[in-house]
Amino acid sequence: MADFDLVIRNGTVVTAADVSRCDIAIKGGKIAALAERLAGGREIDAGGLLVLPGGIDAHCHFDQPMGDGSEMADDFRSGSISAACGGTTTIIPFAAQAKGQSLRAAVEDYHRRADGKAVIDYAFHLIISDPNAQVLGQELPALLRDGYTSFKVYMTYDDLKLDDRQMLDVLDFARREGAMTMIHAENTDCIAWLTEKLEAGGHTAAKFHAVSRPQPVEREATHRAITLAELIDVPVLIVHVSGREAIEQIRWAQGRGLKILAETCPQYLFLSEDHLEAPGFEAAKCICSPPPRGKDNQKYVWEGLVGGVFQVFSSDHAPFRFEGAKGKRNAGTDAPFRAVPNGVPGVETRLPLLFSEGVMAGRIDITRFVALTASNPAKIYGLYPRKGTIAVGADADLVLWDPERRVTLTNALLHHNVDYTPYEGMELTGWPKITLSRGEVVCQDGQVTATPGRGKFLPCELPKPATTRLGTRRYV
Ligand code: URP
Ligand code: ZN
Ligand code: ZN
């Protein structure tokens, strides 16, 4: 009899390509065999459960220093526990460079924040806010070699934004080195102008956040980002796409054969302007950028997920508490919308929401669910096939998923350190039962069983050019 550490028996095993009935044997944290009737070692009976690759949340923010004095509610401990309890086994948060700061120093700072805290494995994207000659010429090439192979750039936010020339410099670098650029696409001057006009008219309530960033603001910046990428001839990924108009730009670009990838998030499927109409300061709970759009917009985001415009479904978990001094009320109760920290929590609810309303509601099939939430981000960001699939030799990062369990979502169920969920009261079908990271059960039935600090840093790979047909990187 073979000598395994663990065998997961009787489950329905799902990858981005297939659904099959087989057992999974694990040894040394890796998948050692996939076959019927495996034995030899401790067993978990997965009868009636789906066995999926653990989710990869490729866009989440933990313990990120904020320029306005606000504080994120989740550090790497609470954030990674929350992720694991929601079926996610890899997180890719951001190491953000402050303008004038060395990028290497920013990375070292984030390692200190994550060290000893994470319960699941993590990689880092970089945020480049200051692409000067030293950063592009010296620091970034060395960081790429050390496994930081993707970076986000912002077209808005005063402390982060790049102008078009700087964007071109970054994209030119990405093309030379084969790195992936993620773009936050909103037109900063339009937002500033609209915000001033709204404030002059006394329209400072939370709901006016969305009025200050309407769809054309996102559409224009998305088109510009596509244009810049086309000029340089480099793939880019547009993050947190919210609305029909930006989706149309991306579909148009993809139709022309440009390598434009795109990500959307739960807030654009399940929140809408109606949430920003909530009375008083309540609406601040749903302030994020880009903002949720009209309810009729949600169907276009679903279409983008079904039809392939989107390759990645991430949470954009940006955790700020509603009560207390340093969260949404950082600038005071009833602060004007411009002073409210942007972002919604969602690292734990990402998979259950998409499973329930996507798979169980018949909008997407289970293999597409796996592609959007695990396999594609692993491929795009250089973690595949170690992460994001179920295959011999891959890390045994798995989630045993109960497709029948009915759950009424409440914040009390969740493990983040935020005092609300924007999805309170939603009725969902399907919930993670057991999450395994490198073969170790890290969460079972909502109970965390992992020791903080067991999570490891994952250097991401740059693609090997020889393996591509279409360009200098492998893409989904
Ligand atoms: O409102 C959001 N999305 N906050 C997080 C930061 C970002 O731009 O992703
Ligand atoms: Zn962003
Ligand atoms: Zn974000």
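Model, not experiment: these values are computed from the prediction. Numbering of ligands and ligand atoms starts at 1, following listing order.
Residue contacts with ligand 1 for Q267 are absent, since no atom lies close enough (heavy atoms, distance under 4.0 Å). Looking at A318 against ligand 1, only its side chain comes within 4.0 Å, counting heavy atoms.
Put simply, the residue from L428, T373, I364, I366 that forms a side-chain contact (heavy atoms from CB on, under 4.5 Å) with F355 is I366. Screening K456, R438, R454 for a side chain to side chain donor-acceptor pair (under 3.5 Å) with D121, the sole residue that qualifies is R438.
Selection from D316, I127, V239 by nearest heavy atom to atom 5 (C) of ligand 1 gives D316.
With Y384 as the aromatic partner, K379 meets the cation-pi criteria of under 6.0 angstrom to the ring centre and within 45 degrees of the ring axis. Remark: R113 is positioned above the aromatic ring of Y110, its terminal NZ or CZ atom under 6.0 angstrom from the ring centre and at most 45 degrees off the axis. For K328 and F320, the positive end is not near the middle of the six-membered ring at less than 6.0 Å and at most 45° from its axis.
Counting the atoms of ligand 1 from 1 in the order shown, those under 4.0 Å from a heavy atom of H240 are 7 (C), 8 (O), 9 (O). For ligand 1, the atoms sitting less than 4.0 Å from at least one non-hydrogen atom of H184 are 8 (O), numbered in the order shown with element in parentheses. If you number the atoms of ligand 1 from 1 as listed, the ones under 4.0 Å from a heavy atom of H59 come out as 9 (O). Of all the atoms in ligand 1, the ones that sit under 4.0 Å from a non-hydrogen atom of C288 are 1 (O).
When distances from the Zn ion (ligand 2) to the N, O or S atoms of H184 are compared, ND1 comes out shortest. The atom of D316 nearest to the Zn ion (ligand 3) is OD1, with the search restricted to N, O or S atoms.
The aromatic ring centroids of F281 and F337 lie 6.0 Å or more from each other. For an aromatic pair to be called close, the ring centres must be under 6.0 Å apart, and Y268 with H240 fails this.
A salt bridge links K207 with E277; the closest basic N to acidic carboxylate O contact falls under 4.0 Å. One finds a salt bridge joining E186 and R213 here, because a Lys/Arg side-chain nitrogen approaches an Asp/Glu carboxylate oxygen to under 4.0 Å.
When only non-hydrogen protein atoms are considered, atom 1 (O) of ligand 1 lies nearest to S289 N, 2.8 Å. The single protein non-hydrogen atom nearest to atom 7 (C) of ligand 1 is K152 NZ, 3.3 Å, given as residue, atom name and distance. The shortest contact between atom 6 (C) of ligand 1 and any protein heavy atom is with H61 NE2, 3.6 Å. Counting protein heavy atoms only, atom 4 (N) of ligand 1 is closest to N342 O, 3.3 Å.
Between NE2 of H59 and NE2 of H61, the angle at the Zn ion (ligand 3) works out to 110°, rounded to 10 degrees.
Among the atoms of V239, no N, O or S atom is found under 2.8 Å from the Zn ion (ligand 2).
Donor-acceptor pairing under 3.5 Å is lacking for the side chains of S314 and R350.
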